[in-house]
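Every number for a ligand or one of its atoms is a count from 1 in the order of the listing. The structure displayed is predicted, hence computed values, not measured ones.
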Amino acid sequence: MNVLLARTRAELRGFLSSLSQTLEEAGVHVSVGFVPTMGALHEGHASLIRRSSKETSITVVSIFVNPKQFGANEDLAKYPRTLEADLSVCENAGAHIVFAPSAEEMYPADFTTQVSVGGMADVLCGAYRSGHFSGVCTVVLLLLNLVRADQAYFGLKDFQQFSILSRMVEDLVHPTRLVGIPTVRDRDGVALSSRNKFLDAQARRLALKIPAALKTVAQSFLQGMSKSSELLSLCLSSLKNEDGFEVQYCEIRDAKTLGQSSETIETDHVLAVAVFVTGADGVKTRLIDNILLTHDPENLSALLDFAHESVALS
Ligand code: AMP
């Protein structure tokens, strides 16, 4: 395997400087791309890594299950950890360095700083996961400072995370540019997620209701339905609670600020949902998904693809 595995901050620095030097000596322009992950990598992560390796000359992937972003009753202990398989995904998608530190390496005993972005972190997932986005901002800012990438790649699957991190980077004038990558879905439309490993056949069948509902809304929006209350009722009528299927939230919000949506959608808005599905095995899994309601030609193709079912594993 050619991908370099760094376990410490010092190893990461060493690999970055030796690779940069080799590229400079070969006359190649050095630019660094960064993909932060929690591992258990799938095609969604691979699409971020491929994009980075297409656009930059050195791609760094971090694999770190960040304890600071898990609440006391969440799945930190059972979060899947699959480093060997992850290294192959990274290598095949074109990564050069994988940074997989321990919790102690990331957070030495005297670490006390917390980064938070205020109101945007208190809505949608933030209303139910207290402290989650502060944990995300703290780890991502630390990682951005360690890697010093030109560009960092994030999935729009975690739309609120991307909006919050974009705000953080803009407010703090961080030099790394953030790039949002469209959600990669399985052939049946379910968004790829490391937590899909927890779904048995029954939970998976229930999970299908999510892309089905979002798709109905995407089609209606593209056909001209523009009232947020109508789009929301349409979504909720497909997402009816039933045994093993429970909607935590389903909301339309301004895509940039995550503020309340206006009644008529003119600028970019996000329709975001969080759902609990429970399998025949009794395992309850929280899934999130969203679509960007947009007329902006730059962002429209992902919505069109989704509405017309041409989304499949790349
Ligand atoms: P995670 O390992 O779940 O923290 O995700 C790491 C990065 O991969 C985040 O930027 C996610 O938004 C992104 N990601 C996760 N699932 C997908 C997906 N299905 N499509 C695109 N990006 C994804």
Side-chain angles (χ1 to χ4, degrees), residues 33-53 59-70 74-76 78-83 85-87 89-90 93 95 98-101 106 124-125 129 132-133 135-144 147 149 151-166 168-169 176-199 204 207 210-211 214 270 272-274 285-292 299 301-303 305-306 311-314:
F34 176 43
V35 181
T37 81
M38 297 205 299
L41 303 183
H42 50 63
E43 270 295 311
H45 300 107
S47 74
L48 272 56
I49 301 169
R50 278 196 292 271
R51 177 76 175 268
S52 172
S53 72
T59 289
V60 180
V61 177
S62 65
I63 297 177
F64 179 60
V65 183
N66 174 34
K68 289 192 189 294
Q69 70 189 69
F70 286 79
E74 294 182 355
D75 55 354
L76 173 63
K78 70 168 190 164
Y79 198 84
R81 288 161 172 87
T82 57
L83 185 63
D86 291 348
L87 291 175
V89 174
C90 290
V98 171
F99 178 46
M106 285 296 279
L124 302 174
C125 290
R129 302 187 71 188
H132 169 69
F133 288 113
V136 170
C137 288
T138 305
V139 79
V140 170
L141 187 56
L142 172 56
L143 288 166
L144 291 178
V147 178
Q151 312 214 122
Y153 297 82
F154 293 87
L156 296 177
K157 151 103 174 12
D158 298 282
F159 193 90
Q160 183 174 16
Q161 170 173 282
F162 184 70
S163 303
I164 289 172
L165 293 173
S166 300
M168 175 185 82
V169 161
T176 303
R177 191 173 87 84
L178 304 197
V179 182
I181 304 291
T183 302
V184 178
R185 295 174 181 279
D186 225 326
R187 290 184 205 291
D188 59 7
V190 174
L192 295 185
S193 162
S194 305
R195 291 187 170 94
N196 291 355
K197 286 189 167 66
F198 301 138
L199 305 177
R204 179 83 199 186
I210 304 167
L214 295 181
V270 64
V273 302
T285 306
R286 183 175 179 277
L287 301 174
I288 57 170
D289 204 341
N290 69 81
I291 48 169
L292 183 64
N299 299 324
S301 64
L303 187 66
D305 281 353
F306 179 58
V311 178
L313 280 176
S314 47

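- Neither the backbone nor the side chain of S193 comes within 4.0 Å of ligand 1, counting heavy atoms alone.
- At least one N or O atom of H45, backbone or side chain, sits closer than 3.5 Å to an N or O atom of ligand 1.
- Scanning both residues, G180 and F162, for their nearest heavy atoms gives N-CZ, 3.4 Å.
- Contact annotation: for L48 versus ligand 1, heavy atoms closer than 4.0 Å belong to the side chain alone.
- Those atoms of ligand 1 with a heavy atom of F154 less than 4.0 angstrom away are 10 (O).
- When V184, D186, I181 are ranked by how near their heavy atoms come to atom 20 (N) of ligand 1, first place goes to V184.
- No option in L141, I164, L165 other than L165 meets the side chain to side chain contact (heavy atoms under 4.5 Å, CB included) test with V136.
- Heavy atoms of P182 come nearer than 4.0 angstrom to ligand 1 in at least one pair.
- The line from NE2 of H45 to CZ of R50 is 12.5 Å long, rounded to the nearest 0.5 Å.
- Considering all non-hydrogen atoms of both residues, N290 and R185 come closest at O-NH2, 3.6 Å.
- No donor-acceptor pair under 3.5 Å is formed between the side chain of D86 and the backbone N or O of I63.
- Heavy atoms of M38 found under 4.0 angstrom from ligand 1 belong to the backbone as well as the side chain.
- Between D75 and R195 there is a salt bridge, since a side-chain N of the basic residue sits under 4.0 Å from a carboxylate O of the acidic one.
- Taking the side chain as every heavy atom from C-beta outward, P36 and F64 never approach each other to under 4.5 Å.
- For ligand 1 and L192, the ligand atoms under 4.0 Å from any heavy atom of the residue are 16 (N), 17 (C), 18 (C), 19 (N).
- Set against the non-hydrogen atoms of D158, the atoms of ligand 1 under 4.0 Å away are 11 (C), 12 (O).
- Q160 places a side-chain N or O within donor-acceptor distance of the main-chain N or O of C125, the cut-off being under 3.5 Å.
- Counting heavy atoms under 4.0 Å from ligand 1, residue H42 touches it through the side chain alone.
- Using modelled atom types, one side-chain atom of S194 and one backbone atom of A40 make a donor-acceptor pair closer than 3.5 Å.
- Residue G155 has at least one nitrogen or oxygen atom sitting less than 3.5 Å from a nitrogen or oxygen atom of ligand 1, judged on distance alone.
- At a 3.5 angstrom cut-off on N or O pairs, P36 does not count as close to ligand 1.
- On a distance-only criterion, S47 and ligand 1 share no N/O pair closer than 3.5 Å.
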